[in-house]
Amino acid sequence: MKKIFIQVFAFISLPCFIMAQTAIKAEMIYTVSGAAIKDGVILIKDGKIEAVGTAKEISIPAGYKITEAKIVSPGLIDARSVVGLSGALNIPTDQDQLEKSSPIQPELRAIDAYNTEEKLVKYVRDNGVTVLHTGHGIGALVSGQTMIVKTKPGTVDQVTLVPTAMLAMTIGPSVQSNFTSPGTKAKQIAMLRTELIKAQTYLSKQNDKDTSKRPAMDLKMDMLGKLLKGQVKALITVNASNDIMSAIRLSKEFNFKLVIDGAAEAYRLIDEIKAANAEVILHATMARNGGDMVNMTRESAAILTKAGISVSIETGFEGYVPKTRVLLYEAAMAVREGLAYEDGFKVITLNPAKLLGIDKRVGSIEKGKDADLVLYNGDPFEYLTSVCKVMIDGEWVSDNCK
Amino acid sequence: MRKAIFLVTLLWMICCNTQAQEKPTAFTGALIYPVTGAPIQNGVLIVQNGKILSVGGADSKIPADAIVTDVKGKVIMPGVVDTHSHLGGPEGGDNSSALNPDTRAFDAINPTSDGFKKALAGGITTINIMPGSGHLMSGQTVYVKMREAKVMEDLIIVNEKGVYGGMKMANGTNPMRGTAGFPGTRAKSAAMDRELYVKAQEYKKKIEKAGKDSSKLPERDLRLEPLVEVLNGKRVVHFHSHKENDILTAIRLSKEFGFRMVLHHLSEGWKVADEIAKAGIPCSVIVVESPGGKLEAMDISWTTPATLANAGVLVSFHTDDGVTDSRFLIRGAALSVKAGMSRQKAMEALTINGAKMLDLSSRVGSLESGKDADFIILSGDPFSVYSKVEQTWVEGKKRFDLSNPVDKAFAVGGYHAYSADRAEYDDNDGDDRDGNQ
C-alpha cells in the first residue's frame, strides 16, 4: 500500500517538478555579485537558483527545460517608484500615491493601496523589473510608507516581500505646491522637527514604569517611533544642495537612518554625504531638468560611484506623460555618460537590493537566491535590444520576443 | 592717381571677398548619410557661406583653399528637424477663446532662451515651435533655425510658400474644458472649428471677388487672414490628435475645407494607419517611455511610426519638448527602429520628412549641394545608445561642440548649466498641463 502511495504521489508530482526545473544557456551571464560568465548555464529548481557557471562546469540534468538567450542579468530592482499606486489612467481614482489632507501622515501604509492589476506593473515587468520599492510618493513632508513587492501576478499579500520598508518624506518646493502650510523651507523643517520631538516624547513615555502613564497607541507616533528606533529608514526626496543638507541635519539631530532620494545635486556634497553615512538613490538619468532638479547632471551616477558612494537608480515619480520611466533605459543612459559597464547592472540590481535589505534573496545571480532573471537578445543597454523573457521565482512571467 | 584707385579697388575686393566669400570647409573621412542618397563610406562634405558645396566620396575634389577637417570614424547626417516643440516659451490664445488664429507664438518666444541649447545638444537644427493644445486653435506656429539669435527675426526661416509658420489645432480632451467659450464635447469641438472655417471661406471669396480692386476688399480681419492662408494651402495646419476617432475627425475637417494638414502625436495612429495613408496626411509622431499619463495615451505604441511608414504615410518625429527632451529625439527614432521601422525610414523621419511637412525641403533635411549647411557630426551609429552628437552646425556655423566644457554641460547637465526659469517649460495656454501632448 505504502509503495503504491509513493508511486501515485511521484506520478502526480512529477509534472510539477518538471515545470519548476529550468536551465538557461546564455552567451553571457552578468551575475553582478561575481565576474560575468561567458557561455554560461543557470539551473533553476523550485523557484531558486540551483547552480550557475560555465557550460563546461555545469551539465544540465535530464528533465530540465532549456531556454537559450544572448544575455542574462538578474531581475531588475527599481529602488524607488510609485507604480501600483500611481496608475496609468492618471485620473483621481487611480492616484493613491499622495494624500493631501495633511502634510505629515506616516501612518499611511502602501500595502493598503498597491494595485497588482495596474497596467504599469505589467509594463515594468515586461521591461525587466522584478522587484519594486514602491509606495507613497513625493510632495508631502511625510507622505506615508513604502513597500517592496515582486512584480509577478497575484494578490498583494502573495507578491509582497516587505510590507513596510521605509518612510517616504520630501523636503523641497513640491511640498509647498501641495499644501498651504508649510509655505517656506524653514517651516518645512520646523514642522518635521516638531513631529519628531513629539515622537521622542512618545517613545520615552512608553517606557514609563508607571503603566498608567504610558501613552495610548497613536498610529502616527508609532510609525515615527519606528524611524527613531532605527527599524525603518527615512527615504527623503531632496534635490537642491540646501535641501540635501537639511535632510542630513535632521538625520543627525534625530539619529535616524537616511536615504537621500532624487539627489540631483548630491555630486556637489560628496564629503558631506559620506560623513553622514547616508545612502543614495539617484533620480532617473533622463529626468526633466526643471524645478529643484535644474542642476542635475546625467554624469551623477558615474561621479558618485567613482567617489565611493553606492548608487541605486530609480524611476521615481512622473506626473504626466510618460507615466513611468523604464529602469533599464535610465541605467543605460548612466553607462553612456561614464558609469562603468558592469556598474550599469549594479545600480539596478545588487545596490538597491542591499539598500532595501533584501540582498540575501535577490539582486544577483547566485546559488540559493530567488530565480528572478531577465533574458535579452543583445547588449541590454542598447536602444535596439529587447527584453525577451522575464522570470520571477522560477516562473516565466513575460515573453516579448516571439 | 590711377595706381591709387587700383589699390583702393584691390583693397575693397580683398575686404569684401573675405566677407562674402569665406573659405570652404571640407569634412573628410566620415560615414555620411545624405538621407536622400545612399550612405557614403569615407565621404567628403564641403560647405561654404552657409551652404553645402558638395557631398561625395573620397575622390571628391577639395578646393585648394579649403580648410580640411579630418573626421575619420565619425558619422555625418543632416541636422534633425523637430516638427513639434515648445522650446523658448511659446504662447498662443488665452482663456478667452477656444479659437485663436490671430495669436502668434512669434510674439511670445524668447529668442535667447537657453532651452535652445537642448536642441543643439540633441542635433536639432530646425524646429516648428507651437503654442499648446489647450485650445481648438491655439495660434500660429513658428519655423526657426537654431542660429545665434538676439531677436526673433534672427531665428525664423521663411519657407517655400512664403510663410514662417503653420496653424496649431487640437482636438480630443485637452481643448474640451467645458468652460465659457470652450467646447465640452467632441461634436461641439468639430462644430466650432467648422463654423470658423465657413467664415474664413466667405472672407476668402470676398477677397477673390475684389481681385485687383483694393477698394472692394473686405475690412482687415486678423482672425480670418491667417485662415485664408490656410485655405490657400500656404499655411499648413498642425493638428494635435491622439485617439482614432479624433484622428478621423481631423481628416474629415481637412477634406471638407481643403486645408493641408500634418497630424501630430497619434497615440492611436497604428489603429487607423490605412485611413491616414489613403487620405495622404503626413504624420508627426511622439515616442514616449510608457503608456498612460492621460486617458488618450493609454494605447500609445512604439510601433506607430513603423506601421504608418509601412502603410505609405510620410512620418516625422517630434519631441513636444518639455514632454520629451530635445536631447533624445534621435533616441526616439532608434526605439522606433527597434519596433520595426527600417533604419532608412527612421533617418528620413528625423530629417527630410519633417522638412517636407514644413515646406522647407528645398533648403533643409538632407545633405545635397546647394542646401543649407545644417549637419551634425556623431561619434558613431545614430541608433546606438553609446553614440553622441559631437558637433551641430547650422548654416555653416558650428553651434555646438561637445569637446567644449560649456557646450558639454548643455548635453549632460551640471551646476548652473541651465537657468532655473520655469517659463521655459510652460506654454501658458490656460491648461494646467500645458505644453504637453
Side-chain angles (χ1 to χ4, degrees), chain A residues 83 86-91 94 118-120 123-124 127 173 240-241 264-265 267-268 284-300 302-303 315 318-327 329-330 332-333 335-338 341 377-386, chain B residues 114-115 118 242 265 267 286-298 300 320-325 327-328 330-339 343 381-388 408-422 424-426 432-433 435-437:
Chain A
V83 163
S86 175
L89 289 168
N90 212 11
I91 53 177
D94 81 340
E118 161 59 36
K119 180 179 178 134
L120 293 176
Y123 188 76
V124 302
N127 281 288
S241 299
E265 292 183 23
Y267 65 89
R268 301 180 64 211
T285 322
M286 290 183 278
R288 296 181 178 96
N289 59 327
D292 63 351
M293 294 181 68
V294 67
N295 294 324
M296 63 166 267
T297 164
R298 284 189 244 291
E299 294 182 313
S300 275
I303 294 168
T315 59
E318 291 292 335
Y320 191 51
V321 175
K323 199 68 188 85
T324 184
R325 294 187 176 273
V326 178
L327 186 63
Y329 300 159
E330 302 302 332
M333 200 51 71
V335 170
R336 167 200 167 101
E337 302 301 349
Y341 187 84
N377 60 2
D379 176 355
F381 300 133
E382 267 294 5
Y383 292 148
L384 303 185
T385 298
S386 294
Chain B
D114 66 358
K118 289 200 285 177
H242 282 284
H265 302 322
S267 286
I286 188 165
V287 179
V288 296
E289 306 291 304
S290 63
K294 64 184 285 177
L295 293 169
E296 293 178 326
M298 288 300 283
I300 200 165
D320 198 6
D321 198 320
V323 171
T324 72
D325 192 310
R327 290 169 288 193
F328 300 128
I330 298 176
R331 175 179 179 266
L335 295 178
S336 305
V337 171
K338 170 154 100 171
R343 279 174 165 264
D381 177 10
F383 300 135
S384 166
V385 68
Y386 306 112
S387 298
K388 292 177 180 177
K408 190 191 162 189
F410 303 157
V412 300
Y415 195 62
H416 286 177
Y418 283 92
S419 79
D421 183 2
R422 287 289 295 159
E424 299 289 354
Y425 308 96
D426 233 355
D432 60 348
R433 280 163 179 161
N436 294 326
Q437 63 146 307

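Bear in mind the structure is a predicted one, so any value in this text is a computation, not a measurement. Letters A, B, ... are given to chains in the order of the sequence lines, protein chains preceding strands, and every chain is numbered from 1.
- For A/Tyr329 and A/Phe381, the ring centers sit 6.0 Å or farther from each other.
- The residue among A/Lys119, A/Glu265, A/Met286 with the most heavy atom pairs within less than 4.5 Å of chain B is A/Met286.
- Here B/Asp325 does not pair with A/Arg288 in a salt bridge; the nearest charged N to carboxylate O distance is not below 4.0 Å.
- Proximity to chain B (any heavy atom under 4.5 Å) is shown, for A/Ser241, by neither the backbone nor the side chain.
- Of the atoms belonging to B/Ala411, it is backbone heavy atoms, and not side-chain ones, that fall under 4.5 Å from chain A.
- The cationic group of B/Arg343 does not satisfy the cation-pi geometry with B/Phe383, failing either the under 6.0 Å distance to the six-membered ring centre or the 45° limit from the ring axis.
- Note: A/Thr324 leads A/Ile91, A/Val326, A/Val124, A/Thr324 in heavy-atom pairs under 4.5 Å with chain B.
- Interface remark: A/Val335 contributes side-chain atoms only to the contact with chain B (heavy atom separation under 4.5 Å).
- Among A/Met293, A/Met296, A/Glu382, A/Lys323, the residue with the largest count of heavy-atom pairs under 4.5 Å with chain B is A/Glu382.
- Side-chain contact between B/Arg327 and A/Arg298 is present, with heavy atoms from C-beta onward closer than 4.5 Å.
- Among residues two or more places apart in sequence or in another chain, the salt bridge (charged side-chain N to carboxylate O under 4.0 Å, His left out) test is passed with A/Arg325 by A/Glu318, A/Glu330.
- The residue among B/Ala334, B/Ser387, B/Ala417, B/Pro291 with the most heavy atom pairs within less than 4.5 Å of chain A is B/Pro291.
- Looking at A/Asn127, neither its backbone nor its side chain comes within 4.5 Å of chain B, counting heavy atoms on both sides.
- Under the 4.0 Å criterion applied to side-chain N and carboxylate O atoms, A/Glu299 and B/Lys408 are assigned as salt-bridge partners.
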